[in-house]
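For the numbers below, each heavy atom of this structure counts, side chains included, while hydrogens, waters and symmetry mates do not. Along the sequence shown, residues carry numbers from 1.
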Amino acid sequence: MTDLPQWRRIRAYGVPERMIEECAAARAKGDWRAACVAGEIDVVPGPERLPEELLAGFAPDLVRWHLPRALGGHTTLATGIEYALAPDGPVGPDTVVLRLTAPASVLGSQRLRLGAVRMGDLGEPGIVRLAPWQWDVRRAGELRAAVGGDERRVPRFGPDGGRLPRAELGLRTDRPGQAERVLLDRGTPAAWDAAGIVVDGDFKDPYFGQAVGRLRRTAAAIDPLRLRLEVRRLAEQFGQPSWALWYDRSRALRIDVDGDAVQATVVEANWWEQSAPIRLLPRLHPALLRSPVDLDLVWNGLLTPFQLHPLVRSALFPTTEAAPFPSRSSSLLSPRRDSSSSSSVGAGSLASPLLLPRGRAASHSSFSRFSRVEAARVRCGGRWHVVESRDGRLVLLAHDDAERRRERAMRAFGGTVTGCFTVEQAWTGNAGRLPRRLHAVRDDLWLRMVHGGSRVVFELLDAGMDPGLRDGRGRGLMHLLRSFDHERLLPRLLAAGADVDALDREGNTPLATGVALGWPLGLIKALVAAGANPGCRAYNYRDLALLEAVEFQDQMRSEPRPAEALAVIDFLRRHGGSPTTDS
């Protein structure tokens, strides 16, 4: 499938190995709160007491592994979703469930929020119900049945865990063989028929337009066997026989369950018809019903079973459990030496999974520590110079400090930047391009920080990472303060000389970014106190000042801003001409 390289990247970074290890250690002690801390989950108080029975099996690292991803080039979690984690047995309006809330942005913090709520108080129909094997360590083994496996093997693999050739798929009469036949007919009515789902029509949308292609893509991505198993489970547990699987803003597949029978029907509901019957049905999330991505990755040779989450590996490939093999991070993050350049990786180092071949062992298992040297050759002044990244800091080997100071002064007065200094500008500024090797190093650092959280940020800074490092969008840590422990990070960045009004590639300052993304008043005050200009250009409004854009947006809004946002705007109005603190 075309998205498998992206999923390999997600599997390398999305759930760091140290997180998995610390969550497992906390569970072994029966300390679910410590597991949530390790798993980057905030426990929020609510009207209901947290149910100890559910928390006893709650695995933050496992649920993070299974949650839908934003994709589209992102490794981060899908946003704006609330998940219900329900106990066994019938679930009614008064049943207390765990509510897990996804991050608000694909570009920001990946912390999740966990609380308890009555099922009837959740915001139906948008709530997504997770299967027990997706979050409960006691039920993790049920993944095997969910993907079409039986006690002997899983689809596309033999009893010993070895990959079956394509020519042998679907020839057996066992349950995995049925799943293989469905897979071979992926996206066709024949596949859904083979899975036991009656399709009303021929996946030909009765309406014209691009929705036909979206329906077919959705049908191709979904594993109908998994859909049938899950929707029958949901219908029995929640007492709801009909479900909606949306594939377009105005169109959905209505999935109806009647005993063992399952039927799928295309239904249209215009976007303004919020009271249409199909919009009132509970929803199925397509990403949770897709062909099992971990089996796809292993069968296509993009991962080995040892690179999967241990609970997932135990469910899918139990015969590998006793086999000696490097740790998950070792096999994903193994060092490479390339004789075509001067790059090297020292003993005890950890290299990027994006640069490395599979199957060679690294000597360090911590996903967050970073000690490596990567180099690239750059044409500079008619010669080839070597530029190195050492522990996340760029070193221009052919230029001394005096030359670098002169170049920075020229840049400040609008002079042209060339050669090695263009690489330095791309590393710490909002312009310029990096050589491929250094681009991969930079991406690696950012992915570690995004998925490892504040602890990894400070570890990398302590190890020598340049605090002025920018990502591919020209944003630095100052633009992403809210994603981390900003009360500690902001003073550290200021002490290192970071520019509080630095521009990203779209011309946005950290303050403009913060106002647009709803940063808290305390952080906005701290930025202004540090010298941020309240009169800066607005986020993605290059022709408007910040407060001008706010007034323009208010004219278009149908409801007032939240109280916190109003307090931020009032503060900026009172300090629009002077970057000082609130009195």
Side-chain angles (χ1 to χ4, degrees), residues 4 7-8 10-12 14-17 19-21 23-25 27-28 35 39 54 56-69 83 85-86 88 129-164 172 174-180 182-183 223 225-230 232-234 285 287-325 327-329 331-332:
L4 288 185
W7 271 104
R8 181 174 185 261
I10 290 168
R11 289 307 186 225
V15 189
E17 184 175 16
M19 180 184 292
I20 295 173
E21 293 171 348
C23 286
R27 286 196 300 272
L54 297 185
F58 179 61
D61 52 320
L62 181 65
V63 74
R64 192 176 284 275
W65 183 274
H66 285 305
L67 288 183
R69 297 282 161 170
Y83 302 95
L85 286 57
D88 292 334
R129 297 155 175 82
L130 294 181
W133 55 265
Q134 293 169 323
W135 61 272
D136 192 331
V137 67
R138 300 164 298 188
R139 307 280 293 277
E142 295 174 12
L143 167 63
R144 188 178 183 89
V147 301
D150 60 17
E151 67 280 357
R152 293 185 67 251
R153 69 185 190 94
V154 291
R156 290 178 284 174
F157 296 87
D160 62 350
R163 291 183 294 167
L164 296 178
R172 294 165 175 78
D174 55 6
R175 189 167 184 266
Q178 180 193 15
E180 291 163 359
V182 170
L183 177 68
D223 179 352
L225 269 177
R226 189 165 171 179
L227 168 61
R228 184 172 186 270
L229 181 69
E230 180 64 5
R232 288 179 61 195
R233 181 191 73 82
L234 290 170
H285 198 295
L288 296 174
L289 300 169
R290 64 156 287 161
S291 175
V293 66
D294 291 319
L295 288 183
D296 287 341
L297 288 166
V298 175
W299 189 77
N300 283 280
L302 295 175
L303 291 184
T304 72
F306 303 95
Q307 294 167 323
L308 302 177
H309 189 291
L311 294 172
V312 173
R313 181 175 68 244
S314 296
L316 300 179
F317 301 101
T319 58
T320 65
E321 291 300 290
F325 204 83
S327 69
R328 173 175 165 261
S329 65
S331 51
L332 274 171

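No side-chain heavy atom of L225 sits less than 4.5 Å from a side-chain heavy atom of V147. Two residues are said to be in side-chain contact when any heavy atoms from C-beta on lie closer than 4.5 Å; V63 and Y83 fail this criterion. Residues L308 and V298 meet the side-chain proximity criterion, which asks for heavy atoms closer than 4.5 Å. Under the 4.5 Å side-chain criterion, counting only non-hydrogen atoms from C-beta, L164 is in contact with R153.
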(Q) Test side chain to side chain contact (heavy atoms under 4.5 Å, CB included) on L316 and F157; report intermediate values, then the result. (A) CA-CA 10 Å; L316 300 179; F157 296 87; over 6 Å; no

Q.
Let's go through L4 and V293 carefully: what are the C-alpha distance in whole Å and the side-chain angles of both, what is the deciding distance for side chain to side chain contact (heavy atoms under 4.5 Å, CB included) to 0.1 Å, and is it a yes or a no?
A. CA-CA 8 Å; L4 288 185; V293 66; 4.2 Å; yes

Q.
Between W135 and L67, does the side chain to side chain contact (heavy atoms under 4.5 Å, CB included) criterion hold? Intermediate values first, please.
A. CA-CA 9 Å; W135 61 272; L67 288 183; over 6 Å; no

Q.
Could you walk me through whether V312 and L62 satisfy the side chain to side chain contact (heavy atoms under 4.5 Å, CB included) test, starting with their C-alpha distance in whole Å, then the side-chain angles of each, then the deciding distance to 0.1 Å, before giving a yes or no?
A. CA-CA 8 Å; V312 173; L62 181 65; 4.3 Å; yes

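For H66, the ring-ring contact (aromatic ring centres under 6.0 Å, His included) partners two or more places apart in sequence, or in a different chain, are W133. For W7, there are no ring-ring contact (aromatic ring centres under 6.0 Å, His included) partners, not counting sequence neighbours. Taking D294 as the reference, R11, W65 meet the side chain to side chain donor-acceptor pair (under 3.5 Å) condition, with sequence neighbours excluded. Every side chain to side chain contact (heavy atoms under 4.5 Å, CB included) that L183 has, sequence neighbours left out, goes to R156, R186, S291. For E230, the side chain to side chain donor-acceptor pair (under 3.5 Å) partners two or more places apart in sequence, or in a different chain, are R233. Residues satisfying the salt bridge (charged side-chain N to carboxylate O under 4.0 Å, His left out) criterion with R129, sequence neighbours excluded, are E124. Judged as a side chain to side chain donor-acceptor pair (under 3.5 Å), and not counting sequence neighbours, R228 has no contacts. Partners of D150 by salt bridge (charged side-chain N to carboxylate O under 4.0 Å, His left out), not counting sequence neighbours: none found. Checked against side chain to side chain contact (heavy atoms under 4.5 Å, CB included), R144 has the following partners two or more places apart in sequence or in another chain: V154, P318. Taking R172 as the reference, E168 meet the salt bridge (charged side-chain N to carboxylate O under 4.0 Å, His left out) condition, with sequence neighbours excluded. Among residues two or more places apart in sequence or in another chain, the side chain to side chain donor-acceptor pair (under 3.5 Å) test is passed with R69 by none. Every residue meeting the salt bridge (charged side-chain N to carboxylate O under 4.0 Å, His left out) condition with D61, not counting sequence neighbours, appears here in chain and number order: R27.
To the nearest 0.5 Å, the span separating CG on D136 from CG on L311 amounts to 10.5 Å. Once rounded to the nearest 0.5 Å, the distance linking CG of L297 with CD1 of I10 reads 9.0 Å. With rounding to the nearest 0.5 angstrom, the NE2 atom of H285 is 10.0 Å from the CG atom of L130. Separation of atoms CD (E17) and NE2 (H309) is listed at 10.5 Å; rounding is to 0.5 Å. One distance of note links CG of L295 with CG of L303; it measures 11.0 Å at 0.5 Å rounding. Note that CD of Q134 and CZ of R139 are 11.5 Å apart. Values are rounded to the nearest 0.5 Å.
P155 and P176 get closest at one heavy-atom pair: N-CB, 3.8 Å. Across every non-hydrogen atom of F317 and G161, the tightest pair is CE2-O, 4.0 Å. The shortest heavy-atom contact between R163 and G301 is NH1-N, 3.5 Å. Taking each heavy atom of A146 and L229 in turn, the nearest pair found is CA-CD2, 3.7 Å. Heavy atoms only, all atoms of each residue included: G141 and A315 are closest at CA-CB, 3.9 Å. Considering every non-hydrogen atom in both A35 and P60, the closest pair reads O-CG, 3.5 Å.
Without hydrogens or angle criteria, R8 side chain to L302 main chain gives a donor-acceptor distance under 3.5 Å. For R226 (side chain) and R290 (main-chain N/O), a donor-acceptor pair under 3.5 Å exists by modelled atom type.
Salt-bridge annotation for D88 and R138: absent, with no side-chain N of the basic residue lying under 4.0 Å from a carboxylate O of the acidic one.
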